[in-house]
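Atoms within each ligand, like the ligands themselves, are counted from 1 in listed order.
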Amino acid sequence: MGQEGGGASGRGRCVGRPAGAPKEDGPSGGQFEYLRTVAAGMADSTEVRELVYLVTGGCGFLGEHVVRMLLQREPRLLELRVFDLHLGAWLEELKTGPVQVTAIQGDVTQAHEVAAAVAGAHVVIHTAGLVDVFGRASPETIYEVNVQGTKNVIEACVQTGTRFLVYTSSMEVVGPNIKGHHFYRGNEDTPYEAVHRHPYPCSKAQAERLVLEANGRKVHGGLPLVTCALRPTGIYGEGHQIMRDFYHQGLRLGGRLFRTIPASVEHGRVYVGNVAWMHVLVARELQQRAALMGGQVYFCYDQSPYKSYEDFNMEFLGPCGLRLVETRPLVPYWLLMLLAALNALLQWLLRPLLLYAPLLNPYTLAVANTAFTVNTDKAQRHFGYEPLFSWEDSRTRTIRWVQAMEGSAR
Ligand SMILES: NC(=O)c1ccc[n+]([C@@H]2O[C@H](COP(=O)([O-])OP(=O)(O)OC[C@H]3O[C@@H](n4cnc5c(N)ncnc54)[C@H](O)[C@@H]3O)[C@@H](O)[C@H]2O)c1
Ligand SMILES: CC(C)CCC[C@@H](C)[C@H]1CC[C@H]2[C@@H]3[C@H](O)C=C4C[C@@H](O)CC[C@]4(C)[C@H]3CC[C@]12C
């Protein structure tokens with residue numbers, strides 16, 4: 001497929017900042033069909049424990065699932081290093097198993113801390129990031145963590161001889177773009193004008209490009225670095241903070257949520273367990289099929305249905321006692337835009353006094369109101385990925401988690 005206009009293959013750009021990424025044409029030609037069956041997920045249990053993995057951001061929403069999934073489904077794991085700015089108390093319970101779990105409190109913006117954590121690791125899964133589309137952090141801080149932090153991880157791999165690096169990118173490196181173009185069930189090669197202005201997608205796009213460009217660099221010892229990037233759409237599941245926020249908002253509003261986005265605007269969503277599973281699988285298979293997978297990007301996908309952001313949330317919040325009022329948006333779109341602009345103005349005016357960071361701002365409105373869904377099988381073709389959790393499982397697990405939250409509406 002063509003790569004015109006930047007394309008979902010990653011040749012996006014930020015306004016005023018260059019970006020880019022290779023297309024699906026690795027040394028093996030990109031036509032390779034994956035033949036070995038890995039669908040069951042578990043590698044041979046007789047395998048020797050010899051590998052050291054490092055997960056940056058291992059205590060975040062996704063990171064915790066990656067850590068737990070590695071412990072369950074990577075039998076070659078000897079040591080798992082969990083690196084995060086804020087360590088979770090739950091790590092303690094993992095320390096009694098057969099794998100040595102090493103908790104490292106550290107900051108990805110500090111090159112020496114990253115190098116110390118990376119030294120001796122076979123594989124790095126770099127999922128740490130500052131996920132902020134609400135204006136909580138300054139653009140400088142977002143770049144520092146997401147771009148400089150990623151540079152530090154790459155340099156640490158090169159200096160210490162770590163050969164395999166998996167980067168958690170985002171659908172947002174592609175879109176929705178600043179023009180509000182819809183991306184309707186596209187794949188990694190679908191042409192799309194990936195132009196951004198907001199610091200979060202710009203920083204993710206720059207970081208992704210750095211990771212992909214680092215593929216093939218010689219690491220300490222002379223062997224080549226092998227990298228790839230995973231691009232989740234909107235992740236949901238146990239631990240999802242924004243779902244928690246919507247749930248509590250619904251409770252405050254007497255068990256109701258009000259539709260703001262037309263039901264026809266599809267938004268891509270993927271279950272956290274499947275995203276974690278993709279990380280585990282990609283990290284494992286990258287070691288076997290470097291020529292095919294090195295320098296590649298993969299959207300994260302599963303069988304979650306195509307729905308609007310709000311209708312999708314209701315799949316979980318509905319069974320927990322909330323209802324979505326109105327079949328059409330209650331507030332006209334022009335008024336929402338006005339409110340979003342007002343919120344942005346208030347944020348700016350109040351900044352010296354307090355942090356005002358509501359969910360609605362011009363950027364979040366544009367993302368929610370622009371269709372962005374993926375339909376691809378690239379991960380299946382390249383490394384045999386099949387979702388570990390069906391849609392029914394993903395839904396049930398997420399509902400149980402919402403129900404377990406204090407003050408359930410049931
Ligand atoms: N949540 C989503 O819908 C989504 C979608 C696509 C991609 N992503 C990407 O997935 C990754 C994880 O996102 P998440 O939703 O789990 O976010 P999260 O905020 O829950 O997790 C990020 C983790 O990174 C850690 N971190 C932040 N700054 C750090 C620093 N300077 N040094 C070390 N650790 C630091 C945080 O403490 C946190 O534990 C991010 O890279 C994000 O861009 C998330
Ligand atoms: C009209 C508003 C009130 C609706 C508010 C919803 C808004 C907060 C949601 C809608 C879409 C969400 C983003 C989307 O799922 C994908 C990602 C990519 C990921 O890398 C980081 C999170 C992010 C930006 C979601 C943030 C919350 C958004 C904007």
Side-chain angles (χ1 to χ4, degrees), residues 55-67 82-88 104-110 113-114 117 125-134 136-137 141-142 144-150 152-153 166-176 196 198 200-201 203-205 207-208 211 229-237 239-243 245-246 249 257-262 265 267-272 275-276 279 299-300 308-310 312-313 329-331 333 336-337 339-340 343 357-373:
V55 180
T56 71
C59 292
F61 165 46
L62 172 62
E64 178 176 347
H65 284 267
V66 172
V67 163
V82 183
F83 181 98
D84 205 299
L85 205 51
H86 308 287
L87 295 177
I104 307 170
Q105 195 276 322
D107 184 342
V108 287
T109 69
Q110 303 302 310
E113 293 183 11
V114 178
I125 299 181
H126 177 40
T127 195
L130 191 43
V131 185
D132 182 20
V133 291
F134 305 112
R136 291 179 188 137
T141 309
I142 294 175
E144 188 64 14
V145 175
N146 292 351
V147 182
Q148 186 57 47
T150 303
N152 292 343
V153 169
V166 176
Y167 174 61
T168 313
S169 181
S170 168
M171 75 179 210
E172 298 221 353
V173 306
V174 181
H196 306 288
H198 192 280
Y200 174 73
S203 68
K204 292 299 285 184
E208 183 192 90
V211 168
L230 294 182
R231 293 172 171 171
T233 53
I235 308 174
Y236 70 92
H240 185 214
Q241 183 57 45
I242 301 177
M243 186 83 76
D245 294 345
F246 275 109
Q249 191 182 66
L257 284 167
F258 296 94
R259 186 185 291 282
T260 44
I261 300 299
V265 182
H267 187 79
R269 304 294 287 270
V270 59
Y271 177 61
V272 66
V275 180
H279 281 72
F299 278 126
C300 296
S308 77
Y309 189 78
E310 290 166 321
F312 192 86
N313 286 351
L330 194 68
V331 182
Y333 190 65
L336 269 181
M337 278 174 69
L339 289 172
N343 274 344
L359 285 184
L360 179 67
N361 65 44
Y363 181 74
T364 57
L365 180 59
V367 174
N369 200 47
T370 308
F372 197 100
T373 42

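Scanning all protein heavy atoms for the shortest distance to atom 8 (C) of ligand 2 gives Phe134 CE2, 3.9 Å. Of the protein's non-hydrogen atoms, the one nearest atom 24 (C) of ligand 2 is Glu172 OE2, 2.8 Å. Protein heavy atom closest to atom 14 (C) of ligand 2, with residue, atom name and distance, is His267 NE2, 3.1 Å. What sits closest to atom 3 (C) of ligand 2 on the protein, heavy atoms only, is Leu360 CD1, 4.1 Å. Scanning the protein heavy atoms around atom 9 (C) of ligand 2, the nearest turns out to be Tyr309 CZ, 3.7 Å. Protein heavy atom at the shortest distance from atom 7 (C) of ligand 2 is Thr364 CB, 4.1 Å.
Proximity annotation for atom 27 (C) of ligand 2: of Ile242, Ile235, Thr168, Ile242 comes nearest, heavy atoms only.
Residue contacts with ligand 2 for Tyr200 involve side-chain atoms from C-beta outward but no N, CA, C or O (heavy atoms, distance under 4.0 Å).
Under the 30°/60° scheme for interplanar angles, the aromatic rings of Tyr167 and His126 are found to be tilted. Classified by interplanar angle (parallel below 30°, tilted 30° to 60°, perpendicular above 60°), the ring pair His240/Phe61 is parallel.
Proximity of Leu230 to Val275: side-chain heavy atoms (C-beta onward) are nowhere separated by under 4.5 Å. Looking only at side-chain heavy atoms (C-beta outward), Phe372 and Val174 come within less than 4.5 Å of each other.
Using modelled atom types and a 3.5 Å distance limit, the side chains of Gln249 and Asp245 yield no donor-acceptor pair.
Considering backbone and side-chain N/O atoms, Ser170 comes within less than 3.5 Å of an N/O atom of ligand 2.
Once rounded to the nearest 0.5 Å, the distance linking CG of Asn146 with OG1 of Thr109 reads 11.0 Å.
With ring centers used as reference points, Tyr200 lies 6.0 Å or more from Tyr363.
Checked against Asp107 for a side-chain contact (heavy atoms from CB on, under 4.5 Å), the options Val145, Asn152, Leu85 give a single hit: Leu85. With Tyr236 as reference, Tyr271 is the one residue of Phe246, Tyr271, Tyr309 to meet the ring-ring contact (aromatic ring centres under 6.0 Å, His included) rule.
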Give me the pairs of N or O atoms, one from ligand 1 and one from the protein, that sit under 3.5 Å apart.
unit_1: ligand 1; atom_1: 3 (O); unit_2: Ile235; atom_2: N; d: 2.9
unit_1: ligand 1; atom_1: 16 (O); unit_2: Phe61; atom_2: N; d: 3.3
unit_1: ligand 1; atom_1: 16 (O); unit_2: Leu62; atom_2: N; d: 2.8
unit_1: ligand 1; atom_1: 20 (O); unit_2: Phe61; atom_2: N; d: 2.9
unit_1: ligand 1; atom_1: 31 (N); unit_2: Asp107; atom_2: OD1; d: 2.8
unit_1: ligand 1; atom_1: 32 (N); unit_2: Val108; atom_2: N; d: 2.9
unit_1: ligand 1; atom_1: 34 (N); unit_2: Leu85; atom_2: N; d: 3.3
unit_1: ligand 1; atom_1: 37 (O); unit_2: Asp84; atom_2: OD1; d: 2.6
unit_1: ligand 1; atom_1: 39 (O); unit_2: Gly60; atom_2: N; d: 3.0
unit_1: ligand 1; atom_1: 39 (O); unit_2: Asp84; atom_2: OD1; d: 3.3
unit_1: ligand 1; atom_1: 39 (O); unit_2: Asp84; atom_2: OD2; d: 2.7
unit_1: ligand 1; atom_1: 41 (O); unit_2: Thr127; atom_2: O; d: 3.0
unit_1: ligand 1; atom_1: 41 (O); unit_2: Lys204; atom_2: NZ; d: 2.7
unit_1: ligand 1; atom_1: 43 (O); unit_2: Tyr200; atom_2: OH; d: 2.6
unit_1: ligand 1; atom_1: 43 (O); unit_2: Lys204; atom_2: NZ; d: 2.8

